[in-house]
Amino acid sequence: MPLPRTFYEEDAIVVAKSLLGKLFVHESESGVTAGKVVETEAYRGPEDKAAHSFGGRRTARNEVMFGEKGRAYVYFIYGLYWCFNVTAGNVIGKPEAVLIRALEPVAGLELMVKRRGDSSTKNSSLTNGPSKLCMAMGISKSQNKADVTIPPLYFEKAAPISEEDIVTTKRIGVEYAAEWKDRLWRFYIKGNKFTSAK
DNA sequence: TGCACGATTCTCT
DNA sequence: GAGAATCGTGCAA
């Protein structure tokens, strides 16, 4: 059972923590891939300078964050990579999102390796980064705005991770965000080998 | 119309 | 630990 839309209609920080341990599934034409969510980050616009929606800035790219919760926000970065987010928030029209930073591969390993490219792709480095997991899961612009409460792209229900197994820390790659860079809005599962390196 | 830059990753050193 | 790859996007002009 995919998680219902109400799951995403909470504060982005709550959703980010709740998503840990859930199964992220993509039923693509070339096969099914799935991974357990082991690392997330919350982005809370418009007050969060690290978010694309800072200041309530609404553009063609981030428009999906202003709409329904539980939709995919996929964006292109550095001219090479994709990052996958889920829109969230307890206020309709408030642009918040949760960035999925790392997965633990569960299904479709062979396909993941194939998508990531043949060379030096070990299990532990297959999906331990926001752009790596997009490659492994076959996510790109065509998945932008997809409804993640229904197949083919969705989060599967799973038992919640206990509070003591969740590590809370600073976000990554947002050094430019002044006072917001130190916000403890990154969450990962304690001791999991598949979280991103940094 | 032009231009600077990024919620990253990989490859050296 | 540093630097390159690489281009869509956002904003100034």
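Note on naming: letters A, B, ... go to the chains in the order of the sequence lines (proteins, then strands), and numbering restarts at 1 for each one. The structure presented is a predicted model; accordingly, all values stated were derived computationally and were not measured.
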Rounded to whole Å, CZ of A:Phe84 lies from P of B:dT8 at a distance of 16 Å

Sorted by chain and number, sequence neighbours left out, side chain to side chain contact (heavy atoms under 4.5 Å, CB included) with A:Ala16 holds for A:Thr40, A:Ala42, A:Val98, A:Phe187

The complete set of ring-ring contact (aromatic ring centres under 6.0 Å, His included) pairs with one or both residues in residues 18-39 of chain A, sequence neighbours excluded, reads A:Phe24-A:Phe84, A:Phe24-A:Phe155

The side-chain hydrogen bond (donor to acceptor under 3.5 Å, both in side chains) partners of A:Tyr73 (sequence neighbours excluded) come to A:His52

Restricting both atoms to N or O, compile the protein contacts to nucleotides 1-6 of chain C shorter than 3.5 Å, with distance only.
from, atom 1, to, atom 2, distance (Å)
C:dT6, O2, A:Tyr78, O, 2.4

In whole angstroms, the gap separating P of B:dT8 from CZ of A:Arg116 amounts to 15 Å

Between CZ of A:Phe76 and C1' of B:dG6 the distance, given in whole Å, is 11 Å

Between CD of A:Glu39 and P of B:dT8 the distance, given in whole Å, is 11 Å

Stem ranges of DNA chain B by first residue number, counting only runs of at least 3 Watson-Crick or G-U pairs under 3.5 Å, come to B:1-6 with C:7-12, B:8-12 with C:1-5

Per atom distances to the A:Arg61 side chain, the nearest of B:dA7, C:dT9, C:dG8 is C:dT9

For A:Arg115 and A:Ser28 the tightest heavy-atom approach is NH2-OG, 2.8 Å

Less than 4.0 Å between a side-chain N and a carboxylate O, is that true for A:Arg101 and A:Glu41? yes

- Side-chain N,O (A:Arg101) to OP1/OP2 (B:dT8) below 4.0 Å: yes

Taken in chain and number order and not counting sequence neighbours, the residues that satisfy salt bridge (Lys or Arg N to Asp or Glu O under 4.0 Å) with A:Glu68 are A:Arg5, A:Arg71

Rounded to whole Å, NZ of A:Lys170 lies from P of B:dA7 at a distance of 17 Å

Detail all sub-3.5 Å separations between protein N/O atoms and N/O atoms belonging to nucleotides 11-13 of chain C.
from, atom 1, to, atom 2, distance (Å)
C:dC11, OP1, A:Arg57, NH1, 2.9

By side chain to side chain contact (heavy atoms under 4.5 Å, CB included), A:Leu184 pairs with (sequence neighbours left out) A:Thr168, A:Lys170

Connected to A:Val25, directly or through other members, by ILVMFWY side-chain contacts below 4.5 Å are A:Leu23, A:Val32, A:Val106, A:Tyr154

- N-O pairing of A:Glu156 and A:Lys22 below 4.0 Å: no

In numerical order, the residues of residues 13-24 of chain A whose heavy atoms come under 4.0 Å of DNA chain B are none

The correct set of residues in residues 129-147 of chain A placing a heavy atom under 4.0 Å from DNA chain B is A:Gly129, A:Pro130, A:Ser131, A:Lys132

Pair A:Asn192, A:Thr195: side-chain N/O donor-acceptor within cut-off below 3.5 Å:
no

**Request:** Could you tell me whether A:Lys69 and A:Asp147 make a salt bridge, using a distance below 4.0 angstrom between a side-chain N and a carboxylate O?
**Result:** no

### Ion pair check, A:Lys94 and A:Glu47, cut-off under 4.0 Å
yes

Q.
Between A:Glu104 and A:Thr127, do the side chains contain a donor N or O and an acceptor N or O under 3.5 Å apart?
A. no

Here the distance between atom P of B:dT9 and atom CG of A:Asn128, to the nearest Å, is 8 Å

query = A:Val37 versus A:Leu103: any side-chain heavy-atom pair under 4.5 Å?
reply = yes

Members sharing A:Tyr176's hydrophobic cluster, built from side-chain contacts under 4.5 Å between Ile, Leu, Val, Met, Phe, Trp and Tyr, are A:Tyr43, A:Leu99, A:Val174

Report yes if at least one side-chain N or O of A:Arg171 is closer than 4.0 Å to OP1 or OP2 of B:dT8; otherwise report no. no

In whole angstroms, the gap separating C1' of B:dG6 from OH of A:Tyr43 amounts to 12 Å

From OH of A:Tyr75 across to P of B:dC5 the rounded distance in Å is 18 Å

Taking only the P atom of each, what is the distance from C:dG1 to B:dA7 in whole angstrom? 22 Å

- Message: Looking at A:Asp48 and A:Arg183, is any side-chain nitrogen of the basic one under 4.0 Å from a carboxylate oxygen of the acidic one?
- Response: no

| Counting only heavy atoms not in A:Glu110, do more than 12 fall under 6.0 Å of its CD? | no

